[in-house]
2 protein chains.
Amino acid sequence: MSAALSPRPALSALDEDATTTRAIPPATVARLPVYHRVLTQLIDAGVETVSSEELAGACGVSSAKLRKDLSHLGSYGTRGVGYDVQFLAYQISRELGLTQPWGVVIVGAGNLGQALVAYRGFASRGFAVVGVFDCDPTVIGRDLGDPDHPVPVRQMDELEDLVGQGDAHIGVIATPATAAQEVCDRLVAAGLTSILNFAPAVIAVPEGVELRKVDLAVELQILAFHEQRRMEHPPAGGRTGTSTPVAESLGEAINA
Amino acid sequence: MSAALSPRPALSALDEDATTTRAIPPATVARLPVYHRVLTQLIDAGVETVSSEELAGACGVSSAKLRKDLSHLGSYGTRGVGYDVQFLAYQISRELGLTQPWGVVIVGAGNLGQALVAYRGFASRGFAVVGVFDCDPTVIGRDLGDPDHPVPVRQMDELEDLVGQGDAHIGVIATPATAAQEVCDRLVAAGLTSILNFAPAVIAVPEGVELRKVDLAVELQILAFHEQRRMEHPPAGGRTGTSTPVAESLGEAINA
DNA sequence: TAGATTGTTAATCGATTAACAATC
DNA sequence: TAGATTGTTAATCGATTAACAATC
């Protein structure tokens with residue numbers, strides 16, 4: 001156990017290259033996709049300019065937070081006017097890396113893996129599923145996703161080859177929990193440094209690899225926690241019919 | 001737009017009933033399911049006692065954070081010894097509300113909805129899918145999930161009836177983005193106060209309703225951001241082969 | 001110029017971390 | 001008693017918020 005406390009490089013907190021890249025706070029990065037999505041909807045709705053107050057309302061955050069977040073990217077607004085929707089959307093997409101195509105490898109072609117391949121929200125943001133792998137002979141060879149761009153399920157053997165070709169940038173783990181760590185190790189060994197884990201397992205990665213996790217059961221458990229609290233301490237005065245504090249005019253523009 | 005600044009009840013920040021319930025910080029609540037899962041695995045592995053150092057390692061957090069988190073629930077450890085695995089697992093599950101059964105209603109029986117119904121991680125934590133709804137006549141009536149406990153897809157009409165029966169506690173939105181807000185409104189109107197949204201849409205709920213969101217595309221975009229950073233500023237000195245800082249002995253116990 | 005709205009500052013709040021006294 | 005490990009304290013860090021000077 002003492003090995004867990006081994007001499008690491010003393011995490012030099014300010015690792016930032018003093019060159020170009022000002023660091024963007026993680027909390028801000030996590031919200032940028034939301035801003036980008038809403039801006040995209042505004043473009044579709046023909047809106048040309050938004051104020052921070054309006055955009056924040058449509059995104060479900062405070063305008064102060066929105067402006068603070070955007071200030072980390074640069075000064076892309078105009079005082080007294082607001083933000084040019086197209087321009088801001090572009091700046092955010094550039095910051096997020098959405099202006100270039102990304103290849104996604106999915107390991108596990110069960111229910112979840114199949115749903116992910118079929119998910120249209122990926123392609124629409126520049127993510128292409130370049131490979132799906134499974135070890136079950138009964139699914140290997142089957143075509144998944146859009147019949148116009150079918151993605152065949154391959155056997156695990158071919159994983160390293162495909163990643164080695166360089167078109168894959170992000171690995172997605174959609175296997176049972178038991179296989180997750182081993183699959184992750186293979187993805188990393190093959191050269192991937194960005195991993196999204198859907199398996200209900202805590203897995204470990206080497207330093208320098210970015211691992212994110214989506215755990216469906218965790219979300220439900222957190223909701224159960226709140227629901228239990230609510231049952232123990234019912235909201236005094238009953239449910240107030242008070243409805244959404246979200247910018248309504250913009251909401252209408254978006255839904256139009 | 002000025003209506004968005006309307007006089008709200010001045011969010012009385014300390015709403016806590018001074019009665020029983022000490023508030024648990026949200027950041028802590030979000031980690032409890034992870035602790036619980038690992039503890040369950042330790043039970044299965046026959047481990048009877050863990051130290052905070054060991055458990056933290058297996059969960060991927062620092063021992064200081066783990067102890068701080070647990071201190072919000074009570075004093076369930078023994079100085080000089082550690083934590084009784086079974087006892088701690090029980091305390092956490094009680095805190096999370098996992099000691100009682102929860103009914104889940106899923107709206108949307110597309111790829112994702114079907115994957116959710118089939119997901120075994122729900123039932124194993126006390127969540128039962130009590131209803132699945134869709135508006136597509138071609139899927140209505142079809143049986144989903146485990147053939148031993150099939151869940152028929154019902155038409156939307158029956159949503160309010162089912163929720164009204166009181167067996168449903170949590171609503172899950174697995175529809176296209178366009179339908180998400182309307183579906184959410186119906187779930188809330190029917191009486192649900194805990195909602196999990198998988199649709200790629202920003203939706204609004206009345207005060208008092210707990211809404212959580214899982215956005216697959218957002219996770220990929222955050223990974224793309226980091227991947228882009230990594231490509232612009234490659235890790236000096238190449239990839240260090242340094243592997244996982246995770247408790248290995250416990251990891252072996254868990255995987256045994 | 002007057003009105004509107006940004007970008008930034010300073011204050012507050014919450015979460016993380018390190019260290020250690022309490023205690024098994 | 002000596003060694004181990006918890007639960008808590010105090011210091012640090014990062015994120016949020018409110019307010020406003022800058023400026024269109």
Side-chain angles (χ1 to χ4, degrees), chain A residues 1-2 4-5 8 10-16 22-32 34-35 47-57 59-85 87-88 91-92 245 247 250, chain B residues 1-2 4-5 8 10-16 22-32 34-35 47-57 59-85 87-88 91-92 245 247 250:
Chain A
M1 206 73 314
S2 52
L5 302 173
R8 273 195 258 159
L11 70 122
S12 49
L14 298 179
D15 242 4
E16 339 210 350
R22 64 227 157 266
I24 298 183
T28 295
V29 173
R31 284 185 293 263
L32 291 181
V34 176
Y35 303 155
V47 177
E48 300 197 333
T49 301
V50 264
S51 67
S52 61
E53 191 73 38
E54 291 168 322
L55 182 56
C59 294
V61 302
S62 72
S63 66
K65 191 185 277 186
L66 175 75
R67 287 200 302 277
K68 190 73 194 263
D69 283 341
L70 295 183
S71 76
H72 290 111
L73 309 192
S75 293
Y76 298 137
T78 306
R79 287 154 133 97
V81 177
Y83 299 88
D84 180 283
V85 172
F87 183 66
L88 183 59
Q91 293 300 339
I92 293 178
L250 254 197
Chain B
M1 209 65 323
S2 53
L5 302 173
R8 275 196 256 159
L11 70 123
S12 50
L14 299 178
D15 242 3
E16 339 209 350
R22 66 225 156 266
I24 298 183
T28 294
V29 172
R31 284 185 293 264
L32 291 181
V34 177
Y35 304 155
V47 177
E48 300 197 334
T49 302
V50 265
S51 68
S52 62
E53 191 73 40
E54 292 168 321
L55 182 56
C59 294
V61 302
S62 72
S63 65
K65 192 186 275 186
L66 175 75
R67 288 199 300 278
K68 188 79 197 246
D69 283 341
L70 295 183
S71 75
H72 290 112
L73 309 192
S75 294
Y76 297 138
T78 306
R79 289 159 134 104
V81 177
Y83 300 87
D84 181 282
V85 173
F87 183 65
L88 183 58
Q91 293 300 338
I92 293 177
L250 255 198

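To find a chain, count down the sequence lines: A is the first, B the second, and so on, and within it residues start at 1. Just so you know, these numbers come straight off a predicted model, no measurement behind them.
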TODO: Let me know the distance between NZ of K68(A) and P of dA15(D), rounded to the nearest Å.
DONE: 10 Å

TODO: Could you check which of dA21(C), dA15(D), dG7(C) has an atom nearest any side-chain atom of R79(B)?
DONE: dA21(C)

TODO: Tell me the partner of dA22(D), counting only Watson-Crick (N1-N3 plus N6-O4 or O6-N4) or G-U wobble (N1-O2 and O6-N3) with both under 3.5 Å; none if nothing fits.
DONE: dT5(C)

- [ ] Looking only at non-hydrogen atoms, find the nearest pair between S63(A) and S52(A) and report the distance.
- [x] CB-O, 3.9 Å

Task: Any K65(A) side-chain N or O less than 4.0 Å from OP1/OP2 of dT17(D) - done: yes

Open item on the list: Using every non-hydrogen atom in the two residues, find where A56(A) and L66(A) come nearest and quote the distance to one decimal.
Closed with: N-CD2, 3.8 Å

TODO: Using whole Å, report how far CG of L55(B) lies from C1' of dT6(D).
DONE: 13 Å

Open item on the list: Checking base pairs now: Watson-Crick or wobble, both atom distances under 3.5 Å. What partners dT12(D)?
Closed with: dA15(C)

TODO: Looking only at side-chain atoms of Y83(A), point me to the closest of dT6(C), dT16(D), dT16(C).
DONE: dT6(C)

- [ ] Would you kindly give the OH-to-P distance between Y76(A) and dT5(C), to the nearest whole Å?
- [x] 22 Å

Open item on the list: Ignoring hydrogens, what is the shortest heavy-atom contact between F87(B) and D84(B)? Give both atom names and the distance.
Closed with: N-OD1, 2.8 Å

TODO: For the side chain of S71(A), starting at C-beta, report the closest nucleotide among dG7(D), dG7(C), dT17(C).
DONE: dG7(C)

Open item on the list: Side chain of R67(B), heavy atoms from C-beta onward: which of dA18(C), dT6(C), dT6(D) has the nearest atom to it?
Closed with: dT6(D)

Task: Atom pair distance, as rounded to whole Å: CG in D69(B) and P in dG7(D) - done: 13 Å

Task: E53(A) CD - dT6(C) P separation (whole Å) - done: 9 Å

Open item on the list: Between R31(A) and G80(B), which residue's closest nucleotide on DNA chain D lies nearer the 5′ terminus?
Closed with: G80(B)

Task: From OG1 (T49(B)) to OH (Y83(B)), nearest 0.5 Å - done: 12.5 Å

Open item on the list: Could you walk me through whether V61(A) and Y35(A) satisfy the side chain to side chain contact (heavy atoms under 4.5 Å, CB included) test, starting with their C-alpha distance in whole Å, then the side-chain angles of each, then the deciding distance to 0.1 Å, before giving a yes or no?
Closed with: CA-CA 10 Å; V61(A) 302; Y35(A) 303 155; 4.0 Å; yes

TODO: Just compare dT8(C), dT9(D), dT16(D) and give me whichever is closest to any side-chain atom of A27(A).
DONE: dT16(D)

Open item on the list: Both V81(B) and T78(A) contact DNA chain D. Which one's nearest nucleotide lies toward the 5' end?
Closed with: V81(B)

Task: P25(A) side chain, from C-beta outward: closest of dT17(C), dA15(D), dT16(C) - done: dA15(D)

Open item on the list: Measure CG/L88(B) against C1'/dT5(D) and give the value in whole Å, please.
Closed with: 14 Å

Open item on the list: Could you tell me how far apart I24(B) (CD1) and dG14(C) (C1') are, to the nearest whole angstrom?
Closed with: 16 Å

Task: Closest to side chain of S51(B), choosing from dA15(D), dT6(D), dA15(C) - done: dT6(D)

TODO: Find the distance L70(B):CG to dT8(D):P and express it as a whole number of Å.
DONE: 11 Å

